[in-house]
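Single-structure report; data block below.
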Amino acid sequence: MTNAIRRFTTAALATAAIAAAACAKQGPATAAAPTAADAKKFLDAVNDDMLRLQIEGNQSGWVQQNFITDDTEAIEARVNQRVTDAIARYAKEAARFDKVDVSADERRQLNLLKLSLVMVTPSDPKLGEELTTIAARLESTYGKGKWCPDPAKTESCMNIDAVTKTMAESRDAAKLRQVWEGWHTISPPMRSDYARFVELSNKGARELGFADTGAMWRAKYDMTPDAFMKELDRLWDQVRPLYLKLHAYVRLKLREKYGNVVPADGPIPAYLLGNIWAQDWSNIYPLVAPKNADPGYSLDDILKQRKIVPLDMVRTGEHFYSSLGFAPLPKTFWERSLFVRPRDREVVCHASAWDINLAGDIRIKMCIEQTAEDFTTIHHELGHNYYQRAYSMQPVLFRDSANDGFHEAIGDTIALSVTPEYLVKIGLLGAAPDASRDIGLLMKRALEKVAFLPFGLLIDQWRWKVFNGEISPATYNKAWWDLRLKYQGIAPPSARGEEFFDPGAKYHVPDNTPYTRYFLADILQFQFHRALSKTAGCTLPLNRCSIYESKAAGEKLNAMLTLGQSKPWPDALAVIAGTQQMDASAIIDYFAPLDRWLDEQIKGIKTGW
Ligand SMILES: [Zn+2]
């Protein structure tokens, strides 16, 4: 699951910050060339203001998501606008110190400040307002998106929740296709807005000295934008052979189920993979489940039978981190978190993790059900919380993960340690199933994590080229489907000309959230898992390793978390992995038993499309 956490960019900044920025401009330093002392003074002021503003933003965000009303939404929107404006002003002001000789730490803070926004509004107020308005409209067009099979009957209308449910559960190819095509009718109205959005946000990025918005996003990764793109290609090449086998096997099984609508050696129809974007295939597990590979237990059933209530599930998650040597969660965590859906008000149930005061007021917000999925999600969310607490001693500008992939990867790393053996150790399971049952568990995990990789990669491949002009509005949709074919090996049910705008049917495009972080997180979690398992002394196959109770692994993990964003990410990676290079071969190691099994299943069958 990709769960939102409260980030820097959506956090708070208010009137005092604006005043402070104005002060700096009027100060004596602006007349002469700025000095190192000015830079230090500027950063001190920014760190102070960012802290206060982020707290204000977190508080208004927390209240809005826990009590959804017109008023809390208005307050939240107002605070966010102030924060974004202030950060933009600070980011532009940081450029004043580009040529000043400052310490490495200060240089890093100045750079991070310039990179802290995903969208920069042009300084021309008219254009700035136009961009903000378009961005809000894109998001709300998506949010209100509904497909109505029968426009005369409003009760037939499907929002994204209904669409998601049908895609997950229906096995009726005609219906799946209809719903898939239906959902993609919400996005054509976004097309012209998106083109203008690209123009204006590029203008803002150029004012900060970046070639375009995509180049600004890629500059966050402690290497040149081009080197970073090459790095992603290298990682993808490492996992592509495994993806091709999984793709060929799934295609075979879908052909057994749906017949000729699935080609024997071509791309898989996008609407048959259990998810509207074909980014996570785990919903079609029953169609592709290996025979005789049922793990023999159901964590869903165990949680229900043993009456393990949501609070117990969170305690179990905490216990895992405590077993690694982390301090217990603070009392306020238990008092202030949201654990179950309230009966009397509207809340945002999408799981998230918060640090309201950036200094240990950590919380999760979830509507926990007694399911294995939520049990895993708890471990994931707590990973954010322990990360946030570990870096809270850093300067405010360093209170974030080493790169944006790291934050999402930590909790998932821990979730990989929730193995059958671990469940035995904590008394939830009598005995672990033997290794022959691993194929079922691995298949399910591969449908989620391996199937996701090409999708996680291509969203920004498309956007970076849109931002740099290689893809023009005249070829938005063609370029989108070329990439989906190239990376995912999937195809739309019929020709998708430029009268459509299919990228807009994926939330992160109209919402303008960079997506490469999810690809990186998917790679990093397996690399972390392999390195920490080794530290923990695990000699089992990687998919059976759990770092539960390993103080040595916990120490390494904590050492990395504590760094926050203070060092380039390769340095942080090296603390755990012993190398500065990302390495997707851990995925190959982890899925090795499945890889061998797939070889048997697809013997004599052509892979690829
Ligand atoms: Zn998350």
Side-chain angles (χ1 to χ4, degrees), residues 1-11 54 57-58 61-62 65-66 118 164 220 275 277 279-280 282 310 313-314 317-318 320-321 326 329 333 337-339 347-356 358 361-369 371-392 399-418 445 448-449 452-453 455-456 459-460 506-508 511-529 557 560-561 564-565 569 572 576:
M1 276 190 73
T2 46
N3 299 302
I5 67 155
R6 291 298 292 179
R7 305 299 302 221
F8 205 61
T9 46
T10 53
Q54 287 191 65
N58 286 339
W62 177 266
Q65 293 202 14
N66 277 280
V118 293
T164 301
K220 282 184 189 179
N275 173 279
W277 306 287
Q279 70 174 66
D280 178 338
S282 41
M313 291 163 70
V314 183
E318 180 194 33
F320 192 108
Y321 287 87
F326 287 91
L329 294 164
F333 172 88
S337 289
L338 179 79
F339 297 119
V347 301
V348 177
C349 269
H350 189 90
S352 57
W354 303 59
D355 183 0
I356 298 289
L358 277 72
D361 187 358
I362 46 180
R363 311 172 190 180
I364 59 171
K365 186 180 60 56
M366 263 184 90
C367 302
I368 302 171
E369 309 265 354
T371 64
E373 190 186 340
D374 278 5
F375 189 70
T376 304
T377 303
I378 288 167
H379 288 76
H380 174 96
E381 296 305 330
L382 290 181
H384 288 308
N385 277 161
Y386 284 97
Y387 207 163
Q388 289 160 337
R389 186 169 68 178
Y391 59 56
S392 64
R399 290 184 206 173
D400 205 340
S401 57
N403 72 36
D404 52 10
F406 279 57
H407 231 308
E408 293 303 328
I410 295 305
D412 278 6
T413 302
I414 300 301
L416 289 177
S417 275
V418 181
R445 192 151 264 166
E448 181 193 345
K449 308 261 182 184
F452 175 76
L453 286 162
F455 185 80
I459 300 276
D460 284 349
K506 168 69 186 167
Y507 170 76
H508 298 69
D511 179 61
N512 197 41
T513 304
Y515 210 73
T516 303
R517 63 184 60 161
Y518 302 112
F519 174 80
L520 295 177
D522 207 349
I523 305 271
L524 286 167
Q525 61 190 264
F526 289 95
Q527 192 175 1
F528 291 156
H529 179 65
L557 180 59
M560 190 205 79
L561 300 185
Q565 206 175 195
W569 67 260
I576 285 186

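Counting starts at 1 for both ligands and their atoms, in listed order.
- Listed by chain and number, the residues in a ring pair (Phe, Tyr, Trp, His ring centres under 6.0 Å) with F526 are Y590, F591 (sequence neighbours excluded).
- For Y518 and F455, the gap between ring centers reaches or exceeds 6.0 Å.
- Residues D412 and K449 are paired through a salt bridge, judged by an N-O separation under 4.0 Å between the basic side chain and the carboxylate.
- Taking 2.8 Å as the threshold, E381 does not count as a candidate ligand of the Zn ion (ligand 1), since none of its N, O or S atoms lies below it.
- Among the atoms of H407, no N, O or S atom falls under 2.8 Å of the Zn ion (ligand 1).
- E408 has its closest N, O or S atom to the Zn ion (ligand 1) at the position named OE1.
- By the side chain to side chain contact (heavy atoms under 4.5 Å, CB included) test, E369 pairs with T371, D374, sequence neighbours left out.
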